[in-house]
Amino acid sequence: MATGTEPPATEPHPRGAGVHTPTRAAIRAPHLRTDRWWLAPAATAAGLLAFVVYSTWRAFANADYYAAPYVSPFYSPCLAENCEPMRGGPNWEVFGTWWGLSPAIIILIFPLGFRLTCYYYRKAYYRGFWASPPACAVAEPHKKYTGETRFPLVLQNIHRYFFYAALLVALILTYDTVLAFRDEDYAWGHMGLGTLVFLANIVLIWAYTLSCHSCRHIVGGKLKHFSRHPVRYRMWQWVGKLNARHMQLAWASLVSVALADFYVYLVASGAFDDPRLF
């Protein structure tokens, strides 16, 4: 019984690898979609590329990252001796005078590692940059697919460990947000526009971090009877609701952390005076 998918007897199969093997449907067109399917991966690639360019510039700039009481989230905690002195701030001189590069390079490894191995970001840059696949029902251009079983993609499996590091980074950024309730003379009980920027950023950072799939598994994974663990079950439900918004939180926190850094840059460079609310 004909199904309409067999290749014509007189025409050879177009290719012999990937989705074009003889055992697959002989559809000669790259895809049958008529919508603008390429817009989503193109927008994703553009957004991620913009962040990569900006964060690379700021990480290697090694300047304009502290304006009391604000410290850029790209430089917190500051782990080298060549950091600007921050009164009461996260100055931890773990790396001595031998470290001559920007201190941001030390700390950015952990939040960037967390995002690079994140389940949503994998989907985002796999589609946007590697076209694996570029979109639903659109064949990828690669001859074969090995998934995350070989180097370097096998390193994606260390996502859980980056999650633990991301928790520590979120705690430090929370501390920085508390310090933002000071003025430029380090007196407590003050709030500026930058304080609101830091508050919005830390809320989104925590929401994105706790919505992680690894967090959901840690909270409620390996439980055979939820009824015997009501606290963990309630926490699992709460994390699950956040997890349903993981994509939106990933983008929102990515934008907020860049805006928080840019705000500190404007204030530290003298291009903008932080308005005081009280």
Side-chain angles (χ1 to χ4, degrees), residues 40 43-44 47-48 51 55 70-74 76-77 90 107-128 136 147-148 153-181 191 193-261 263:
T44 298
L48 293 177
F51 180 81
S55 60
Y70 309 123
V71 56
S72 165
F74 288 1
S76 183
I107 192 61
L108 281 179
I109 296 173
F110 301 103
L112 288 180
F114 176 61
R115 288 182 182 266
L116 282 174
T117 57
C118 165
Y119 287 99
Y120 167 69
Y121 279 111
R122 295 186 207 180
K123 170 188 173 182
Y125 62 74
Y126 282 5
R127 290 189 172 189
C136 292
E148 297 173 346
L153 297 186
V154 70
L155 297 179
Q156 302 282 29
N157 295 312
I158 63 177
H159 177 60
R160 169 176 289 193
Y161 303 101
F162 275 119
F163 168 72
Y164 298 141
L167 285 178
L168 294 176
V169 172
L171 287 172
I172 295 170
L173 295 183
T174 303
Y175 175 70
D176 294 339
T177 304
V178 174
L179 295 181
F181 284 90
M191 175 183 285
L193 178 59
T195 310
L196 298 180
V197 173
F198 273 54
L199 280 172
N201 178 57
I202 195 58
V203 168
L204 290 173
I205 289 293
W206 273 114
Y208 165 65
T209 303
L210 296 179
S211 69
C212 170
H213 295 73
S214 291
C215 179
R216 189 168 182 261
H217 178 74
I218 292 171
V219 170
K222 295 185 178 180
L223 293 181
K224 296 183 179 180
H225 304 282
F226 277 128
S227 59
R228 297 180 183 178
H229 305 273
V231 176
R232 291 185 63 184
Y233 177 58
R234 183 62 60 88
M235 293 175 62
W236 179 80
Q237 286 182 312
W238 181 71
V239 173
K241 292 179 180 179
L242 286 177
N243 183 258
R245 299 289 184 267
H246 195 49
M247 179 185 72
Q248 294 86 341
L249 292 172
W251 280 105
S253 61
L254 192 73
V255 172
S256 71
V257 72
L259 288 178
D261 170 81
Y263 187 88

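Given the structure is predicted, the values throughout are model-derived calculations rather than measurements.
Between Tyr120 and Trp251, the ring-plane angle classifies as perpendicular under the 30° and 60° cut-offs. By the 30° and 60° cut-offs, the orientation of the rings of Phe114 relative to His159 is parallel.
Pairing each heavy atom of Phe74 with each of Ala258, the nearest pair is CZ-CA, 4.4 Å.
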When the side chains of residues 238-246 are checked against the rest of the protein, which donor-acceptor pairs come out under 3.5 Å, sequence neighbours left out?
| residue | atom | partner | partner atom | Å |
| --- | --- | --- | --- | --- |
| Asn243 | ND2 | Ser211 | O | 2.9 |
| His246 | ND1 | Ser211 | O | 3.3 |
| His246 | ND1 | Ser211 | OG | 2.6 |

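Residue Met235 holds its CE atom at 10.5 Å from CD1 of Ile218, rounded to the nearest 0.5 Å. Residue Cys118 holds its SG atom at 9.0 Å from OH of Tyr125, rounded to the nearest 0.5 Å. Rounding to the nearest 0.5 angstrom, the gap separating the CD atom in Gln248 from the OG atom in Ser253 is 11.5 Å. Atom CZ of residue Arg232 and atom NZ of residue Lys222 lie 10.0 Å apart, to the nearest 0.5 angstrom. To the nearest 0.5 angstrom, Arg216 atom CZ is 13.5 Å from Leu210 atom CG. We find the CD1-CG distance between Ile205 and Leu171 to be 12.5 Å, quoted to the nearest 0.5 Å.
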Is there a side chain to side chain contact (heavy atoms under 4.5 Å, CB included) between Leu173 and Phe198? Walk through the geometry before answering.
CA-CA 9 Å; Leu173 295 183; Phe198 273 54; over 6 Å; no
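Between Tyr233 and Leu223 there is no side-chain heavy-atom pair separated by less than 4.5 Å. Inter-residue side-chain proximity for Thr177 and Leu199 is flagged as met; some heavy-atom pair is nearer than 4.5 Å. Counting heavy atoms from C-beta on, the side chains of Ile107 and Ser76 never come closer than 4.5 Å. Taking 4.5 Å as the limit, some side-chain heavy atom of Leu254 sits within range of a side-chain heavy atom of Leu48. Between Val197 and Asn201, every side-chain heavy-atom pair lies at or beyond the 4.5 Å cut-off.
Checking side-chain atoms of Thr195 against main-chain N and O of Ala180 turns up a donor-acceptor pair under 3.5 Å. The backbone N or O of Thr44 lies less than 3.5 Å from no partner atom in the side chain of Arg127, so there is not a single donor-acceptor pair. Panel note: side chain Thr209, backbone Trp206; no donor-acceptor pair is recorded below 3.5 Å. Using modelled atom types, no side-chain atom of Asp261 and backbone atom of Pro73 make a donor-acceptor pair closer than 3.5 Å.
More than 12 non-hydrogen atoms from other residues, nucleotides or ligands lie less than 6.0 angstrom from CE of Met191.
When each of Tyr121, Tyr208, Phe163, Tyr119 is tested with His213 by the rule ring pair (Phe, Tyr, Trp, His ring centres under 6.0 Å), just one qualifies, namely Tyr119.
Under the rule for a side-chain contact (heavy atoms from CB on, under 4.5 Å), the partners of Ile158 that lie at least two apart in sequence or sit in another chain are Tyr161, Phe162.
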